[in-house]
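We name chains A, B, ... by the order of the sequence lines, and we start the count at 1 in each one.
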Amino acid sequence: MLAMANTESSGDTARPWQCYNTAYTNAKAGMEGVDKEKVQRIVYEMSKGSQYFKNEERKEAFIREKIENMRARCAKLKPADLAHYQTVADKIILELEATRDLSRIWVHVDMDAFYAAVETLSDPSLKGKPMAVGGMSMISTANYEARRFGVRAAMPGFIARKLCPELIFVPTDFKKYTYYSDLTRKVFEKYDPNFVAASLDEAYLDVTEVCKERGTTGEEIARELRAGVHDETGGLTCSAGVAPNRLLAKVCSDINKPNGQFILPNDRMAVMTFISSLPVRKIGGIGKVTEHILRDALGISTCEEILQKSSYICALFSHSSADFFLSVGLAIGGTDTPHVRSRRSISNERTFSATGDEAFLFCKLADIAEMLSTDLQKEGLRGRTLTLKLKTASFEVRTRAVTSQKNICSTEDIMKHASKLLKAELPVSLRLIGLRLSHFDEEKVGAPSDPTQKTLTYYMLSGDALRKNMGDQSSLDLDSTDHCMMHGEETCLSKDGHQTSSCDYRDPLDENHLSNLDDSKSTSGNFEEKEEIYESTSNANAEKMNANDNQNEDNVQDVVPLLGPGYSFPDQFEGSSLDRVNSVTKTLGDVASSSVSQKEFLLWVNDYKCSICGIEMPPSFVEERQEHFDFHLAEKLQKEESGTDFKTCVLKKRNVPKDHIASQRKHKKQKPSPKEGKHIPIDVFFVKSNQNF
DNA sequence: GGGGGCAATAGAG
DNA sequence: TTCCACTCTATTGCCCCC
Ligand SMILES: Cc1cn([C@H]2C[C@H](O)[C@@H](COP(=O)(O)OP(=O)(O)OP(=O)(O)O)O2)c(=O)[nH]c1=O
Ligand SMILES: [Mg+2]
């Protein structure tokens, strides 16, 4: 049908912000009386022209193109084709309907403005005032007072401040959130010992048994449970959704948010009426892109329209994606208790002000490698696949992976591979570097290992090892379904089922899948036809963010740079760098260290090739940056052992107090005094020009 | 043809 | 002064190799 052309805007009357949808397009609790147009305009004004904005526009153009292709495909479908797909769809619908299970009572519990509520609990003076948790670059969430100004989760702090000048910023503190999360889980356990934690602040409980035993209803259980949470935590409120499956329970918990609950009876008529008018975007697994595709390519905005256009769904999407969409239309999904799955990957990434300075980049990489190694150690994990993630100054994200034969976990092994991956991308100006390790060693560890103590402790405290865990480590997951989207496997997963995890979170909903649409093929750029897509769900825990912002907030002192004029490192680096001093020193084997004059050093280095973090630098690398380094050499001739003339040294970059930076800007040549600031060492090796590293 | 590995996306909190 | 985070899961498409 051609009739699907949606009327877009009614003319472009100079209101560009109305077209800027890149974010905050979904309705959120607490945003009812907000002047949406005004918020939209401010967000637009603050964003337009930025690299971030340009990248968003690029991505959107890409999606629009994809949608155009889908529409073209739809237009080419002949009546006979549609009739065929309709029979396919009807068959799937019949099968799905046969699996409908209205016998279970699921409760989805979601804490209200969780991080913000916890912070308010620990500092009551925040009560009643607009507040956000996070920093200037990004906030994790905001309390309801702030939401009235349009401030919300995943919004950059500087924009939030523009929307609400008196907004109070509170740094994130995961220990607190984890602590309170555990308290809530203690309550959940009473109603369902196998409850599925979807994140620190969310959980799914199958209260069918409790209701039966106590001869009560899901509504009463939810009320009691919420009171229990409020009690146990000393004041935190939460909202609950009660429904026959997880997919619906999740939607229901949002209806009377904050501090409310909504019950959807286990009655087919009630369920179908409920799902009919529900916007597809409310369903877990359907995000901004999928919503966009369904609306602009197929004219689908509500769940009932999925069923009305079921033939198109089957014509455009893969079997598994079609299955997912149709089950959404039928309000089917997530009635079983998912298995616990262990984590699949572990990662660390950091954002900094964009730079192309190679020494700085390698430094950062080393910091991240070390953080990752530390986390790995905590969990007792080792893995084979290392993935380097980069975000360029223009916000383009790239990933580069390598899989080694043996499992790795040490900073050195990680750097060995990571530095090669990074080197292959140079030159490039970056704003973020990340490292992820996956493909874990089968048998994990055993037991009592070591450093995982915190985790183990957690486990014990929490009781069973199943889900609950916290944040970091493992995760739990549960949920259901995860679904898988795509073809094939649905058999395995399909509706619920599935596996799960171990620890913390995951998604419970299930199913999902969705897709992408169509699209295409290529991974990169083009697309064209093809089909399928998918979607997925999942969640994660992620709770660590804003590493940069948190720390200092205001003043930061910053640092200096290593090389290259004009850098100002946000102090984010300080902490990890310090730690690294010790490990690097150790790595080098306690080499005696001695300061060498710059002149002396250059003379000496002239006969050598230089490598940083295992990467050979261009011939003029050191000379070009000499004035930015503080050369404290720890040199040592290793020829006795290796037979080669091999020198190692620790090249340190300095963090300098703010004043220095200021003065440096004024008198550009001024050099920071070597006595101030912290030193961040980088492994540097030199070998005779005619030799190899 | 299937499996391993890699890159890009979408989504959730 | 500032100028869009961080963790993690899942799916798809492609390439390469046996
Ligand atoms: C959405 C989102 C949440 N979070 C964190 C902060 C939130 O407090 C926590 C739970 O997420 P949410 O449950 O999505 O949000 P919320 O609990 O703050 O507010 P409400 O449920 O009342 O709407 O997860 C992030 O760090 N990043 C994000 O993008
Ligand atoms: Mg919440």
Selected nucleotide, minimal atom distance to A:Lys250 side chain, candidates C:dT7, B:dA10, B:dA12: B:dA12

Approximate separation, where rounding is to 0.5 Å, of A:Tyr177 OH and A:Asp201 CG: 12.0 Å

Proximity to the side chain of A:Tyr52 - top-ranked nucleotide from C:dC4, C:dC8, B:dC6: C:dC4

Among B:dG13, C:dA10, C:dC3, the nucleotide that comes nearest once only the side chain of A:Arg344 is considered: C:dA10

Euclidean distance, atom NE2 of residue A:His439 to atom P of C:dC8 [Å, nearest integer]: 18 Å

DNA chain C: 5'-proximal contact among A:Arg161 and A:Arg436 (nearest heavy atom): A:Arg161

Nearest to side-chain heavy atoms of A:Met138, which nucleotide of C:dC8, B:dA10, C:dC4: C:dC4

Contacts of A:His417 that satisfy side chain to side chain donor-acceptor pair (under 3.5 Å) - sequence neighbours left out: none

Whole angstrom value for the distance that separates C1' of C:dC4 from CE of A:Met155: 11 Å

Nucleotide of B:dG13, C:dC8, C:dT2 approaching A:Met136 most closely (side-chain heavy atoms): C:dT2

Check: A:Ser239/A:Asp254 side-chain N/O donor and acceptor closer than 3.5 Å: no

A:Phe352 CZ - C:dT2 C1' separation (whole Å): 18 Å

Among A:Arg436, A:Lys391, A:Lys389, side chain to side chain donor-acceptor pair (under 3.5 Å) partner for A:Glu349: A:Lys389

Nucleotide nearest A:Val289 (side chain, heavy atoms from C-beta), chosen from C:dT7, B:dA10, B:dG5: B:dA10

Nearest-angstrom distance from the residue atom CD1 of A:Ile159 to C1' of C:dC4: 7 Å

Protein-nucleotide distance (A:Asn348, atom CG; C:dC6, atom P), rounded to Å: 10 Å

Sugar-phosphate only, base, or nothing, as touched by A:Glu202 at under 4.0 Å among non-hydrogen atoms: sugar-phosphate

Nucleic acid contacts of residues 394-403 of chain A, taken as heavy-atom distances under 4.0 Å to DNA chain B: A:Arg398, A:Thr399, A:Arg400, A:Ala401, A:Val402, A:Thr403

Gap between atom CZ of A:Phe395 and atom CD of A:Gln51 - 0.5 Å precision: 7.5 Å

Pair A:Ser50, A:Ser47: side-chain N/O donor-acceptor within cut-off below 3.5 Å: no

Nearest-nucleotide pick for A:Phe158, side chain only, options being C:dC4, C:dT7, B:dG5: C:dC4

Rounded distance (Å) that lies between atom P of B:dA8 and atom NZ of A:Lys59: 13 Å

Between P of B:dG4 and CD of A:Gln405, the distance in whole Å: 13 Å

Between B:dA8 (P) and A:Lys391 (NZ): distance, integer Å: 14 Å

Lys/Arg-Asp/Glu bridge criterion (N-O < 4.0 Å) met for A:Glu379, A:Arg343: yes

Listed nucleotide nearest any side-chain atom of A:Ser347, set B:dG13, C:dT7, C:dC4: C:dT7

Side chain to side chain donor-acceptor pair (under 3.5 Å) against A:Thr374, all qualifying residues, sequence neighbours excluded: none

